[in-house]
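Below is one structure; the comments refer to it alone.
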Amino acid sequence: PPPEIVRDDGPEGRWTVYYKADNRFGQPKAFVIFQLLTKEVSSSAKKAALANMYEFALTDKLAEYAYDAGLAGLTYDVRVIPRGVRLTFGGYNDKLQQFGDYISKK
């Protein structure tokens, strides 16, 4: 079955929260997606290019840390999208907040 919507603030709201229990494997995993919406990312060709360069530089800077985190079952992704920036975190619940804090401070 699809995930259950726990909270939905509508199209103009800030949050849509989904929940789906892992009935198959019983793993305490979570996935969190943040979208930072701003028109500045694509307001000019220069800003779009700078945003893409930032994405590549950040990914390169975090590569060593992300490798170790990946061995521990944690993942992240940073993407520049037309409406802003998307941060995605996934992995085991007990370390996900610490991992997300570290990545988001970079």
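- E55 pairs with exactly one of R79, K61, R86 by the salt bridge (Lys or Arg N to Asp or Glu O under 4.0 Å) rule, that one being R79.
- The two atoms that bring S43 and K47 nearest to each other are OG-CD, 3.2 Å, heavy atoms only.
- Linking ILVMFWY residues whenever their side-chain heavy atoms come closer than 4.5 Å, directly or via other members, leaves V78 and M53 in distinct clusters.
- Rounding to the nearest 0.5 Å places OG1 of T59 at 7.5 Å from CG of D77.
- Around atom CD of Q97, no more than 12 heavy atoms belonging to other residues, nucleotides or ligands sit under 6.0 Å away.
- The line from CZ of R83 to CD of Q35 is 6.0 Å long, rounded to the nearest 0.5 Å.
- L62 has its side chain within reach of Y102: a pair of non-hydrogen atoms, C-beta onward, lies under 4.5 Å apart.
- When the side chains of ILVMFWY residues are joined at heavy-atom separations under 4.5 Å, either directly or via intervening members, V85 and F56 end up in two distinct hydrophobic clusters.
- In this structure, G91 and L74 approach most closely via the heavy-atom pair CA-CD2, 3.9 Å.
- With respect to F89, the side chain to side chain contact (heavy atoms under 4.5 Å, CB included) criterion is satisfied by exactly one of D101, T75, I103: I103.
- In this structure, P82 and S42 approach most closely via the heavy-atom pair O-OG, 3.1 Å.
- Around CZ of F31, the count of heavy atoms belonging to other residues, nucleotides or ligands within 6.0 Å exceeds 12.
- Residues V41 and I81 approach most closely at CG1-O, 3.9 Å, considering heavy atoms.
- Contact detail for A72 and Y92: the closest heavy-atom pair is O-CD1, 3.7 Å.
- L87 and I33 fall into different hydrophobic clusters, where Ile, Leu, Val, Met, Phe, Trp and Tyr residues are linked whenever their side-chain heavy atoms come under 4.5 Å apart, directly or through other members.
- Both L36 and Y76 are assigned to one and the same hydrophobic cluster, defined by single-linkage of ILVMFWY side chains at heavy-atom distances under 4.5 Å.
- More than 12 heavy atoms of other residues, nucleotides or ligands lie within 6.0 Å of NZ in K20, so this atom counts as buried by the packing criterion.
- Grouping the Ile, Leu, Val, Met, Phe, Trp and Tyr side chains by contacts below 4.5 angstrom, directly or via other members, places Y18 apart from V32.
- The aromatic rings of Y65 and F99 lie parallel to each other, their planes meeting at an angle below 30°, with 60° marking the opposite boundary.
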